[in-house]
Amino acid sequence: MTTPFHQEPGAPSGPVPPPECPARGLGIGPGGLRRLYGPEAEKDPAGLYDRLRAEHGAVAPVLLHGDVPAWLVLGHSENLHMTRTPSQFSRDSRRWRALQDGSVAADHPLAPIFTWQPVCVFADGATHERQRGAVTDSMERIDARGVRRHINRFSNRLVNDFCEKGSADLVGQFAEHLPMMVVCAIFGMPEEYDDALVQAARDMIRGTETAVASNAHVVAVLTRLVEQRRAEPGPDLASWLLEHPASLTDIEVIEHLRLILIAAYESTANLMANVLRMVLTDPRFRARLSGGHMTVPEAVEQTLWDEPPFTAVFGRWAVGDTELGGQQIKAGDGLLVGIAAANTDPKVRPDLAAGMEGNRAHLAFSGGPHECPGQDIGRAIADVGVDALLMRLPDLELGVDESELSWVGNFMSRHLVELPATFAPSPRQAIDSDPLSMMARSRPAVDWEVSSPSRPVPLPTSTEVGTQPAHAPGTVPHQELPEALPEELPEVLPVEPAAVPEAGPPAGPPPAVPQSAVPQPAAPAEEPAVAPVIPQQRGPAAPTRLWRAVSRWWNGG
């Protein structure tokens with residue numbers, strides 16, 4: 001084991017390679033530590049993890065941008081311990097010693113990632129519970145069926161743009177755009193979806209010179225949304241966060257929306273690109289999928305093991321001096337959750353070629369109290385999106401040699417640049433052009449119950465309007481959002497069963513059910529949105545009369 005870095009951030013722990021040393025070109029920095037950025041790390045991250053594991057074991061000292069020292073946790077069990085023990089490894093970045101002594105400046109390329117913000121991802125204890133509770137409660141109000149319907153619609157709309165050409169870049173024309181379309185719809189800002197927002201979301205976590213400006217663009221978009229929803233609430237995630245009993249401030253809502261947008265977008269775009277790459281480049285993978293031996297959700301889960309959308313997450317900060325994976329961690333040290341490295345830990349995956357379908361022990365969505373709350377939405381976008389694409393274009397083939405594919409990224413994610421594909425040209429498909437219907441679940445659904453949202457309930461009014469974050473640019477003119485439409489299915493009220501005495505088998509056929517008790521077809525989408533109308537015979541007494549009739553028939557009456 002090599003000696004870990006000095007307690008003083010940036011101070012070398014060993015000899016620095018001379019200029020003529022070949023190590024200079026292999027990602028070796030001060031103290032002989034390996035850089036987690038640069039050409040070597042981006043070109044072959046798996047090889048870098050193997051070398052770090054061989055040199056240091058389950059926890060390795062590394063260098064971030066600007067040769068700032070940190071620890072990369074490589075072991076699966078060590079990552080689980082770190083993420084599940086916030087009393088030892090905090091999410092509050094203000095504990096980072098490099099920030100306290102000024103070793104890391106406020107304009108550092110990774111500032112959008114580690115700069116403390118009033119969001120649950122940087123909080124512990126009661127503050128984390130309050131903020132995360134608002135996020136999880138609000139996300140639980142999303143109607144999964146409605147979201148999947150819109151994912152399918154958006155997918156087909158994107159495929160229509162290139163299906164007649166016989167070729168496409170499945171990253172730039174599909175995987176990069178579908179997640180942002182869905183997230184904007186869930187947030188209640190479909191009109192904000194454009195190429196500028198897509199590119200800003202990708203740029204702000206790459207550690208580029210424009211990352212800070214990209215972050216400001218995203219914050220400006222979300223600031224406009226929160227101002228609109230504070231004045232005019234709607235059935236969307238932004239409004240639900242604002243009305244939640246946790247009483248989040250406007251700034252807290254803006255920053256949580258920013259967190260959800262970036263995490264959901266980047267992870268899902270990368271996940272879709274990786275699934276499609278495996279479909280086009282791995283004949284066995286394609287054969288199992290096409291032959292029905294693997295479903296699309298199983299293909300997604302396998303990809304989460306082999307090519308997780310986030311390769312690492314920064315960070316955790318040591319609360320005090322401790323030990324992890326045989327390394328002595330000092331108070332204030334920064335640590336990274338090594339997602340991709342943990343997924344290939346030989347202790348949990350001795351054979352990387354073995355299928356992992358049905359096994360969700362991977363760390364693709366991290367773990368512990370900060371595990372990603374929106375992972376099911378990400379899975380849904382990938383499942384439905386990939387399935388819709390393969391249904392429309394079943395003869396997809398890779399358009400270039402596999403060796404020509406390239407990636408860019410940083411220590412957090414590895415982004416496939418392009419995925420050229422060819423296919424037989426096909427006609428455009430008619431897409432429902434109706435405005436977005438409500439994605440809200442009005443109340444907890446019962447398994448047997450067929451329900452639809454009622455008229456939106458007015459949200460509590462509030463005059464509290466938070467100030468804009470310091471990094472937010474000016475606002476732009478307000479744009480009207482499309483009105484929501486009701487779901488297709490009418491409401492069927494739950495029925496309370498009456499007590500029925502035991503009896504023998506019925507002697508005759510059951511009575512005919514009145515037509516009024518049968519759900520009627522949905523109204524055409526173009527009709528104006530109205531509240532569900534409950535006929536008189538469906539009033540409170542109707543279920544009682546129905547059960548009395550069944551009871552009389554059951555007893556031979």
Do you know which two heavy atoms are closest between C184 and L197, and how far apart they sit? SG-CD2, 3.8 Å
Quick check: does any side chain N or O of R91 sit under 3.5 Å from a backbone N or O of G315, one acting as donor and the other as acceptor? yes
Atom pair CG/OG of L271 and S413 - distance to nearest 0.5 Å: 12.5 Å
Between the side chains of E255 and R258, is the shortest nitrogen-to-carboxylate-oxygen separation below 4.0 Å, so that they form an ion pair? yes
With side chains defined as the heavy atoms from C-beta onward, is the minimum distance between R392 and C163 less than 4.5 Å? yes
Steps toward side-chain contact (heavy atoms from CB on, under 4.5 Å) verdict (Q117, L259): CA-CA 10 Å; Q117 293 131 22; L259 171 67; over 6 Å; no
Across all chains, not counting sequence neighbours, the ring pair (Phe, Tyr, Trp, His ring centres under 6.0 Å) partners of F285 are none
Are E164 and R428 within salt-bridge range, i.e. N to O under 4.0 Å? no
Go through it in stages, so that I can follow the logic: the residues are L416 and N270, the test is side-chain contact (heavy atoms from CB on, under 4.5 Å), and I'd like the CA-CA distance, side-chain angles, deciding distance and then a yes or no. CA-CA 7 Å; L416 184 63; N270 287 344; over 6 Å; no
Does some side-chain heavy atom of R277 sit less than 4.5 Å from a side-chain heavy atom of E402? yes
Minimum-distance pair of heavy atoms, taken over all atoms of F423 and S167: CZ-N, 3.4 Å
Between D345 and G75, is there a donor-acceptor pair closer than 3.5 Å when you use the side chain of the first and the backbone of the second? no
For E192 and R224, run salt bridge (charged side-chain N to carboxylate O under 4.0 Å, His left out): C-alpha distance rounded to whole Å, both residues' side-chain angles, the deciding distance at 0.1 Å, then the answer. CA-CA 10 Å; E192 292 282 7; R224 292 197 298 270; 3.0 Å; yes
Taking the side chain as every heavy atom from C-beta outward, state whether Q302 and V275 have any atom pair closer than 4.5 Å. no
Is there a side-chain contact between V135 and I260, using heavy atoms and a 4.5 Å cut-off? yes
Under the side-chain hydrogen bond (donor to acceptor under 3.5 Å, both in side chains) rule, what do H217 and Q199 come out as? Steps first, then yes or no, please. CA-CA 10 Å; H217 175 74; Q199 297 308 316; over 6 Å; no
Residues V171, E418; criterion side-chain contact (heavy atoms from CB on, under 4.5 Å); working and verdict: CA-CA 5 Å; V171 171; E418 291 182 336; 5.5 Å; no
For H76 and A361, indicate whether the former's side chain and the latter's backbone hold a donor-acceptor pair under 3.5 Å. yes
Please check this pair: side chain of T83 against backbone of L80, looking for a donor-acceptor N/O pair closer than 3.5 Å. yes
List the steps, then state whether side-chain hydrogen bond (donor to acceptor under 3.5 Å, both in side chains) holds for R414 with N274. CA-CA 10 Å; R414 189 167 178 253; N274 292 336; over 6 Å; no
Under 3.5 Å, is there a donor-acceptor pair between the side chain of Q173 and the main chain of D169? yes
R316: which of V337, V73, T85 passes side chain to side chain contact (heavy atoms under 4.5 Å, CB included): V337
Minimal heavy-atom distance between V198 and E176, with the atoms involved, is CG1-O, 3.7 Å
Testing T311, L304, L363 one by one against N343 for a side chain to side chain contact (heavy atoms under 4.5 Å, CB included), which residue passes? L363
Does the side-chain contact (heavy atoms from CB on, under 4.5 Å) test come out yes or no for D236 and L225, once each step is laid out? CA-CA 11 Å; D236 50 60; L225 172 65; 5.6 Å; no
Interatomic distance, OG@S239 vs CD@Q228, rounded to 0.5 Å, equals 10.0 Å
Of the non-hydrogen atoms in T136 and G133, which two are nearest, and what is the gap between them? OG1-O, 3.2 Å
Is any side-chain heavy atom of V221 closer than 4.5 Å to a side-chain heavy atom of F187? no
Quick one: are V300 and V386 in side-chain contact, heavy atoms under 4.5 Å? no
Is there a donor-acceptor pair under 3.5 Å between the side chain of D395 and the backbone N or O of A424? yes
R288 bridged to E298 by N-O distance under 4.0 Å: no
If the test is side-chain hydrogen bond (donor to acceptor under 3.5 Å, both in side chains), which one of T344, N359, D306 qualifies with R349? D306
Contact check, side chains of P233 and L242, non-hydrogen atoms, under 4.5 Å: no
Let me confirm one number: the OG-NE2 distance from S406 to H415, rounded to the nearest 0.5 Å. 9.0 Å
Who passes ring pair (Phe, Tyr, Trp, His ring centres under 6.0 Å) against H128, sequence neighbours left out? H370
Between atom CD of E252 and atom NE2 of H244, what is the distance when rounded to the nearest 0.5 Å? 12.0 Å
Euclidean distance, M180 CE relative to L261 CG, rounded to 0.5 Å: 4.5 Å
Validation row: L237, M139 side chains within 4.5 angstrom (heavy atoms): yes
If you take all heavy atoms of S155 and G385, which pair is closest and at what distance? OG-CA, 3.5 Å
Which pair of heavy atoms, one from N79 and one from L336, lies closest together, and at what distance? OD1-O, 4.3 Å
Just verifying a value: how many Å separate I377 CD1 and R148 CZ, rounded to the nearest 0.5 Å? 11.0 Å
